[in-house]
Amino acid sequence: MAIVETKKLTKKFGKFTALNGIDLEVREGEVFGFIGPNGAGKTTTIRTLLGILQATTGSAQIFGMDAWKDAVEIHKRIAYVPGDVNLWSNLTGGEVIDLFIKLQGNSNHPRRKKLIDMFDLDPSKKCRTYSKGNRQKVALIAALASDAELYILDEPTSGLDPLMENLFQQCIMELKEQKKSVLLSSHILSEVEQLCDRVGIIRQGKIIDTGTLSDLRHLTRINMEFETKQTVEDLDTLVGVTVVDQEDNKATLKVDSGEIGNVLNHITRFDVVKLNSTPPNLEDLFMSHYSGNGGGLSERNA
């Protein structure tokens, strides 16, 4: 069942097209990773889903309701964390957390206290005294302390140190165990790789691939290292193989996933001593989509 669904979603700002026919689906109980460089359209998509922006054409729905027309009803059932948090300067962090929790109709004080302790936040301080990281903690605690059906997290660990990032990941794993739905926008590829069931890659306002990490890894190449008793001949003639390094009886290759069997058949004739193959990580996959014309990492913000 789809909790979030967009069809042919387009958003224009004057002559600039920020979103160009986005088809996106977040299923019930999954963590969906939404990745792309700054300016690819991640935040614009999320703001349209939240009803902050109105789509130019196409549709955006959450819980089967229209994201623009039914925004008030939708917001009662979701929790949201932006990447750049602005808080009321004269309120304390604790007061802001309580306000957000009450707005959603929850009062989970034990969960609130646990999260405040976990993220090492002093809730008695005024928000104007907080660093960017502490402002981010306030938003995270308010969202995670609520009993939402859908969590929309837009670069949620921006400004957090590595320890806090690890704690955040633990919290998302707990939401997964509770079968909650999460839309996680991030450019931290290790975070997405660790947490997400499926991933959507956005480039210049278009979704260019969606699937599980296993599905998407078929689009790129396996890393293979081996050592043999005899020097392997004719490696560079094999289809789907790039020889990264070869010295004496050792070699490092990049191999198309469909050609692994042929490579193994070839090298076993030279008495394999050691063999190691690793699937590409999400960073390899990500960079493969952003290399080439128009794929730079400094596209215009959207």
Side-chain angles (χ1 to χ4, degrees), residues 1-7 9 11 18-19 22-38 40-53 55 58-68 70-71 73-85 100 104 136 139-140 142-144 146-158 165 168-169 171-203 205-213 215-216 282 286 302:
M1 176 181 173
I3 297 294
V4 176
E5 186 174 31
T6 70
K7 293 182 179 179
L9 182 64
K11 178 60 183 176
L19 302 178
I22 296 288
D23 291 327
L24 184 69
E25 180 184 88
V26 180
R27 300 166 187 166
E28 185 175 6
E30 79 170 348
V31 178
F32 184 90
F34 194 33
I35 66 173
N38 292 334
K42 301 188 302 296
T43 296
T44 300
T45 302
I46 287 174
R47 287 175 177 170
T48 305
L49 287 170
L50 291 169
I52 298 171
L53 297 174
S59 65
Q61 293 186 329
I62 298 180
F63 309 124
M65 295 183 285
D66 185 273
W68 177 258
D70 302 313
E73 288 302 312
I74 289 171
H75 279 241
K76 294 176 182 178
R77 301 165 61 183
I78 67 174
Y80 167 58
V81 177
D84 189 11
V85 176
F100 281 129
Q104 210 200 28
Q136 203 69 29
L140 279 171
L144 296 171
S146 64
D147 186 24
E149 296 174 50
L150 169 67
Y151 296 79
I152 298 179
L153 311 176
D154 188 9
E155 303 285 357
T157 56
S158 175
E165 287 181 14
F168 164 77
Q169 292 182 17
C171 292
I172 299 302
M173 295 302 291
E174 289 178 8
L175 293 179
K176 287 182 71 169
E177 292 172 1
Q178 298 167 21
K179 305 299 182 183
K180 300 289 188 178
S181 302
V182 180
L183 173 58
L184 173 62
S185 167
S186 180
H187 67 272
I188 302 175
L189 303 178
S190 60
E191 183 175 84
V192 174
E193 196 164 26
Q194 178 76 22
L195 298 173
C196 297
D197 301 299
R198 290 191 307 128
V199 172
I201 301 175
I202 186 170
R203 175 181 181 177
K206 296 181 179 180
I207 299 290
I208 56 175
D209 264 313
T210 301
T212 65
L213 291 182
D215 293 335
L216 296 181
L282 190 57
F286 185 75

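- Under the 3.5 Å distance criterion, the side-chain polar atoms of R77 are left unmatched by any main-chain donor or acceptor of I62.
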Let me see the working for E193 and L213 under side chain to side chain contact (heavy atoms under 4.5 Å, CB included), right down to the final yes or no. CA-CA 8 Å; E193 196 164 26; L213 291 182; 3.8 Å; yes

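- In this structure, the side chains of I172 and L184 stay at 4.5 Å or more apart for every pair of heavy atoms.
- A donor-acceptor contact shorter than 3.5 Å is absent between the side chain of S181 and the backbone of L150.
- The shortest non-hydrogen separation linking T48 to A67 is O-CB, 3.6 Å.
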From CA spacing to verdict: side chain to side chain contact (heavy atoms under 4.5 Å, CB included), D84, E155: CA-CA 8 Å; D84 189 11; E155 303 285 357; over 6 Å; no

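- With salt bridges taken as basic N to acidic carboxylate O contacts below 4.0 Å, one links D147 and K180.
- In this structure, CZ in F32 is found 4.5 Å from CG in L24, a value given to the nearest 0.5 Å.
- A donor-acceptor contact shorter than 3.5 Å links the side chain of K42 to the backbone of G36.
- Considering all non-hydrogen atoms of both residues, D23 and K7 come closest at OD1-CA, 3.2 Å.
- Within the model, atoms CG of L9 and OG of S59 stand 7.5 Å from one another, a figure rounded to the nearest 0.5 Å.
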Please test K176 against D197 for salt bridge (Lys or Arg N to Asp or Glu O under 4.0 Å), starting from the C-alpha separation and ending with a verdict. CA-CA 10 Å; K176 287 182 71 169; D197 301 299; 3.4 Å; yes

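- One finds the CZ atom of F168 at 9.0 Å from the CD1 atom of I188 (value rounded to the nearest 0.5 Å).
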Decide side chain to side chain contact (heavy atoms under 4.5 Å, CB included) for I202 and I22; before the verdict, give the C-alpha distance in whole Å, the side-chain angles of both, and the deciding distance to 0.1 Å. CA-CA 9 Å; I202 186 170; I22 296 288; 3.8 Å; yes

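- The nearest pair of heavy atoms linking A55 to G58 is CB-O, 4.4 Å.
- Using a 4.5 Å cut-off on side-chain heavy atoms (C-beta onward), L50 and I78 make contact.
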Go through it in stages, so that I can follow the logic: the residues are V31 and L175, the test is side chain to side chain contact (heavy atoms under 4.5 Å, CB included), and I'd like the CA-CA distance, side-chain angles, deciding distance and then a yes or no. CA-CA 9 Å; V31 178; L175 293 179; over 6 Å; no

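- Distance check, rounded to the nearest 0.5 Å: CH2 of W68 to CG of L53 gives 7.5 Å.
- In terms of heavy-atom proximity, A60 sits nearest to L49 at CB-CD2, 4.0 Å.
- One finds the CG atom of L195 at 5.0 Å from the CD atom of Q169 (value rounded to the nearest 0.5 Å).
- Counting only heavy atoms from C-beta outward, the side chains of L183 and Y80 never approach each other to under 4.5 Å.
- Taken to the nearest 0.5 Å, the OG atom of S186 stands 8.5 Å off from the CD atom of E165.
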Evaluation steps, salt bridge (Lys or Arg N to Asp or Glu O under 4.0 Å), between D209 and R203: CA-CA 9 Å; D209 264 313; R203 175 181 181 177; over 6 Å; no

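- The two residues E25 and R27 have their closest heavy-atom pair at OE1-NE, 3.1 Å.
- Contact of the Q136 side chain with the V81 side chain is registered, since non-hydrogen atoms from C-beta on lie closer than 4.5 Å.
- S185 approaches P156 most closely through the heavy-atom pair O-CD, 3.6 Å.
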